[in-house]
Amino acid sequence: MARTDRPGSRSQVFRSAVDSWYYIVTFGAPLLVIVIAYLEAGFRSFGEALVVLGVVLIAALIPLWLLLSTRYTVQGDELRVRSGPVSKTIAISGIRSVEPSRSILSAPALSLKRLKVAYDGGQVLVSPADRDGFIRAIGFGPEGRA
């Protein structure tokens with residue numbers, strides 16, 4: 001995509017798009033673990049049930065944290081990518097290209113409909129729900145839309 005003039009320099013926040021598979025994994029996996037634990041071992045005591053439930057809840061909190069925190073903020077001359085404990089700041093002037101990707105590599109993206117943002121020193125996969133708005137916000141034109 002070709003670089004264009006960026007509209008205004010106000011802060012813009014783009015939430016990650018979220019695929020349905022993410023919800024299934026986030027909420028279905030913990031329930032499946034509880035069911036399997038019960039069917040295989042049963043719960044001999046209330047304490048055992050609480051331990052299993054506690055472990056499952058802790059494991060479920062991580063994907064929930066990612067769901068609530070994954071966002072891309074364009075502010076001034078920076079793109080800030082945040083997902084759970086991971087935060088990355090990229091100089092917008094260093095962004096070289098933006099192109100569509102369906103990579104399954106680990107990324108701060110909750111959808112497989114992603115954009116590969118190549119910048120000086122690396123690349124990052126993002127999945128903004130408003131792809132066109134995100135592309136405009138970082139200064140890439142509509143002639144190269146993903």
same_hphob_cluster([X], [Y]) at 4.5 Å side-chain heavy-atom cutoff:
X   : Y    : value
V86 : V124 : no
L31 : L57  : no
L67 : V25  : yes
V51 : I36  : no
L32 : V55  : no

So which residues get pulled into L125's cluster when ILVMFWY side chains under 4.5 Å apart are joined, directly or through others?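 Its cluster mates, by chain and number, are L105.
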
Nearest 0.5 angstrom please: Q123 CD to S97 OG, how far?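 One gets 8.5 Å once the value is rounded to the nearest 0.5 Å.
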
Can you tell me how far the OG1 atom of T73 sits from the CZ atom of R15, to the nearest 0.5 Å?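 Here the interatomic distance stands at 9.0 Å.
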
Test your reading of the model: is there a side-chain donor-acceptor pair from [X] to the backbone of [Y], 3.5 Å cut-off?
X    : Y    : result
S16  : L110 : yes
Y72  : Q12  : no
R80  : Q75  : no
D77  : S93  : no
R102 : I104 : no
S127 : R114 : no
Y22  : P63  : yes

Looking at every heavy atom in both [X] and [Y], which two are closest together, and how far apart are they?
X    : Y    : result
I95  : V117 : CG2-CG1, 3.8 Å
S111 : D19  : OG-OD1, 2.8 Å
S69  : S83  : OG-C, 3.7 Å
S103 : L112 : O-CD2, 3.7 Å

Within the 4.5 Å heavy-atom criterion, are L79 and Y119 side-chain neighbours or not?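 They are not in side-chain contact.
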
Decide yes or no for L115 and R131: does some side-chain heavy atom of the first lie under 4.5 Å from some side-chain heavy atom of the second?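 SC-SC contact between L115 and R131 confirmed.
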
Tell me every residue that passes ring pair (Phe, Tyr, Trp, His ring centres under 6.0 Å) with F14, counting only those two or more places apart in sequence or in another chain.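 Partners of F14 under the ring pair (Phe, Tyr, Trp, His ring centres under 6.0 Å) test: F134.
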
Above 12 or not: heavy atoms from other molecules or residues under 6.0 Å from CG of L68?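 Buried by this count: over 12 neighbours within 6.0 Å.
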
